[in-house]
Amino acid sequence: MIVEMVIPIVPSGGMLLLLECRSLTDQMIKEDMTILNCEERERYSRYRVYMDQRMYVAARVLLRVAIGQVLGLPPALVRLKRDGHGKPYV
């Protein structure tokens, strides 16, 4: 998975997610694509610049991991939707 480690930083549930973008491999991206929903995969396919695609996947996976940690869910089970301005919400 793209996210290398989750470190709790405060007892109340705060956390630090570490992501080393330079170490992202094509295999990591391919594996983490399975976490994304259909809408996210379709949006990924619209990016034409290779690094933009990679950063999009990394950002979405990071978001899903963070929310999953708070809700106690695996990242793939986090259901994200978009509001009228395109902002994600659970």
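Everything numeric here is computed off the predicted structure, so don't read it as measured data.
- Here ring pair (Phe, Tyr, Trp, His ring centres under 6.0 Å) pairs that include residues 24-44, with residues two or more places apart or in two chains, number zero.
- Annotation for V65 and P75: closest pair CG2-CG, 3.7 Å, computed over non-hydrogen atoms.
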TODO: Give the C-alpha distance, both sets of side-chain angles, the deciding distance and a yes or no for side-chain contact (heavy atoms from CB on, under 4.5 Å) between M33 and K30.
DONE: CA-CA 5 Å; M33 286 289 291; K30 182 179 178 181; 5.6 Å; no
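- Residues in residues 67-76 take part in no salt bridge (charged side-chain N to carboxylate O under 4.0 Å, His left out) pair, two or more places apart or across chains.
- Proximity of I67 to L80: side-chain heavy atoms (C-beta onward) are separated by under 4.5 Å at one or more points.
- Between the CZ atom of R54 and the OG1 atom of T25 there is a distance of 7.0 Å, given to the nearest 0.5 Å.
- A distance of 13.0 Å separates CG in D52 from CZ in R46, rounded to the nearest 0.5 Å.
- Residues passing the ring pair (Phe, Tyr, Trp, His ring centres under 6.0 Å) test with Y56 are Y47, sequence neighbours excluded.
- For residues 56-75, the set of pairs meeting the salt bridge (charged side-chain N to carboxylate O under 4.0 Å, His left out) definition, not counting sequence neighbours, comprises E40-R60, E40-R64.
- With sequence neighbours excluded, no residue forms a side-chain hydrogen bond (donor to acceptor under 3.5 Å, both in side chains) with R48.
- Between the CG atom in L62 and the CG atom in D32 there is a gap of 10.5 Å [rounded to 0.5 Å].
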Identify all side-chain donor-acceptor contacts of residues 82-90 below 3.5 Å with residues at least two apart in sequence or on another chain.
residue: R82; atom: NE; partner: E39; partner atom: OE2; Å: 3.2
residue: R82; atom: NH1; partner: G86; partner atom: O; Å: 2.3
residue: D83; atom: OD1; partner: H85; partner atom: N; Å: 2.8
residue: D83; atom: OD1; partner: G86; partner atom: N; Å: 3.0
residue: D83; atom: OD1; partner: K87; partner atom: N; Å: 2.9

